[in-house]
Protein chains: 2
Amino acid sequence: MKGYDVKQEVTDKFSLRGRVFHRIREDILSGKYKDNEELKEVAIGEELGVSRTPVREAFRQLELEGLIQIIPNKGAYVTGITVKDVKDIYMIRSLLEGLCAKWATHSITKEQLEELEEIVYLTEFHASRGNSEQITELDNRFHEILYEACNSKMLEHQLRDFHDYVLRVRRKTLSKYKRSTQSNKEHKEILTAIRNKDEKKAEEAANRHVLNAYENMVKNGLYEAYAGEETGNERGRTD
Amino acid sequence: MKGYDVKQEVTDKFSLRGRVFHRIREDILSGKYKDNEELKEVAIGEELGVSRTPVREAFRQLELEGLIQIIPNKGAYVTGITVKDVKDIYMIRSLLEGLCAKWATHSITKEQLEELEEIVYLTEFHASRGNSEQITELDNRFHEILYEACNSKMLEHQLRDFHDYVLRVRRKTLSKYKRSTQSNKEHKEILTAIRNKDEKKAEEAANRHVLNAYENMVKNGLYEAYAGEETGNERGRTD
DNA sequence: TCTCGTACAATTGTATACAATTATACGAGA
DNA sequence: TCTCGTATAATTGTATACAATTGTACGAGA
């Protein structure tokens, strides 16, 4: 099952369809297309050097992801991702990563456990050298393995989506040395709990891990990347 | 914001694109297309009386939803939804509905609260007459309002997806009189907690509500609808 | 001047044509 | 008989053509 999942992912990056989809997605998340901006099929097609067909297919997917809204016979409008969206995603992710760790406690394989241990070890090494590129890669891999280890297609799917969503923000966060060290400590906690088959501890550790990542992001003012995107729809929840 | 969301939904049902998408989706969820079955674009197009273009667009969306898997240059294969998937969705939904209720505690409007109260009242009435059609409708509406009331585009989006996913199974479950009465009691608990601005209680009540719905479904053997779809990939988690 | 309606332009929705890729059938050679 | 290679069919990927819808500009009439 994991086999062709990965292959699919890889193939996608090189296939036209995948390229168009990922490119437009990236352009929305990076802020190239502003909130409420109308996306014209031909314009984007020309920019990417393709016809309307692949663009339209990408639009359908982006709509399902909630990044754009398609009004029939009218057009596609960027929904974007607000500061509040990012916060909400982290809150949701906190719960789901917790559930993931909890389930992984029961279904993780020996190989996966070993790979997690290796990642923690390697991260320690790279963190001491401030090598942010590798740290990011290892962090991604750590979570990827947990997603696979939870043995739930549905949960894995959800977490992967969210992970992608905040990837751009998260990458910047991890590049700070201090957080990467702390983050790895938290990974170790999760790992230990899983190894000890302590599902409650694993869940809590994973919960906290995501919340901490969010707190850290806020503290470092990395929200600024999204400044001005607030749409004024908020009703002021502040928990 | 809610305004055109609804309009979109309605328009979709009547637009060709929406029809094709929903129809294929329904056919997969209803088991018409078996697990791993290959979906041919022309065949399905002919069956629905449309060309390949709308079918392909629907395929892209279904892939993102995880209902089919598209292998480039090969074909689209049904992923289906296994017994374990249903269970996992309920577990995930339990957490997310909890979060939704918790957030709604802070952001719900007076109008939404009143509508929830009305729904609970109406459900009591219809339950006493065993009118399952109305009960289902009201139950849907209850959750819909909570999704809107949590004031989180992201969470709302996720919950709506899951809700759709299990709708077919859930409808059968609710038609049992006993559950519908109990279910409404649980709705009342959630509502009371929200009215009292007790976020902890609201979260717990919503958590339990979903878990109970699942337990009830299992007890009533409604799993049978999915019998034989198990793919043997499981590694035996049994919590 | 303002309003309304019609024509035209722009854009999306769908169907079809063509290209590229993959699966299959069949036959030649060992 | 078996294997391999080539031709052919089937299917997907992309581009384009045409239809339907929507937005806009302009002018006639009050």
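Reminder, nothing fancy here: chain letters follow the sequence lines and each chain counts from 1.
- When the nucleotides dA15(D), dT12(D), dT12(C) are ranked by their closest atom to the side chain of P54(A), dA15(D) comes out on top.
- With sequence neighbours left out, the salt bridge (Lys or Arg N to Asp or Glu O under 4.0 Å) criterion links E41(B) to R52(B), R56(B).
- Residue R56(A) places at least one side-chain N or O under 4.0 Å from the OP1 or OP2 atom of dG13(C).
- Whole-Å rounding puts the I71(A) CD1 to dA20(D) P distance at 23 Å.
- With dT14(C), dT12(D), dA15(D) as the choices, the nucleotide that has an atom nearest any side-chain atom of S51(B) turns out to be dT14(C).
- If you measure from atom NZ of K40(A) to atom C1' of dA9(C), you get 12 Å, rounded to the nearest angstrom.
- Considering only residues two or more places apart in sequence or on other chains, K32(B) meets the side-chain hydrogen bond (donor to acceptor under 3.5 Å, both in side chains) condition with E47(B).
- The separation between L39(A) atom CG and dA10(C) atom C1' is 16 Å, rounded to whole Å.
- Remark: C1' of dT12(C) and CD of Q69(A) are 15 Å apart, rounded to the nearest angstrom.
- Between A76(A) and T53(A), the one whose closest nucleotide on DNA chain C sits nearer the 5' end is A76(A).
- Considering only residues two or more places apart in sequence or on other chains, F142(B) meets the ring-ring contact (aromatic ring centres under 6.0 Å, His included) condition with H187(B).
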Going 5' to 3' through nucleotides 20-25 of chain C and flagging B where a protein heavy-atom sits under 4.0 Å of the base, S where only the sugar-phosphate is that close, and - otherwise, we get -SSS--
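- To the nearest angstrom, P of dG13(D) lies 13 Å from CD of E57(B).
- Applying the ring-ring contact (aromatic ring centres under 6.0 Å, His included) criterion to Y147(B), with sequence neighbours excluded, gives H163(B).
- Distance, F59(A) CZ to dT12(C) C1': 11 Å, rounded to whole Å.
- Between dA15(C), dA15(D), dG13(D), one nucleotide has an atom nearer to the side chain of R52(B) than all others, and that is dG13(D).
- In this structure, E117(B) places its CD atom where more than 12 heavy-atom neighbours from other residues, nucleotides or ligands lie under 6.0 Å away.
- Look at CD on E46(A): it is 11 Å from P on dT16(D), rounded to the nearest Å.
- Looking at V20(A) and E57(A), their side chains never come closer than 4.5 Å, going by heavy atoms from C-beta outward.
- Scanning for side-chain hydrogen bond (donor to acceptor under 3.5 Å, both in side chains) contacts around E65(A) gives R25(A), with sequence neighbours left out.
- In terms of phosphate contacts, R19(A) brings no side-chain nitrogen or oxygen within less than 4.0 Å of OP1 or OP2 of dG13(D).
- Rounded to whole angstrom, the span from the CD1 atom of I70(A) across to the C1' atom of dT12(C) amounts to 10 Å.
- With a 3.5 Å ceiling on both atom-pair distances, the Watson-Crick or G-U wobble partner of dA30(D) is dT1(C).
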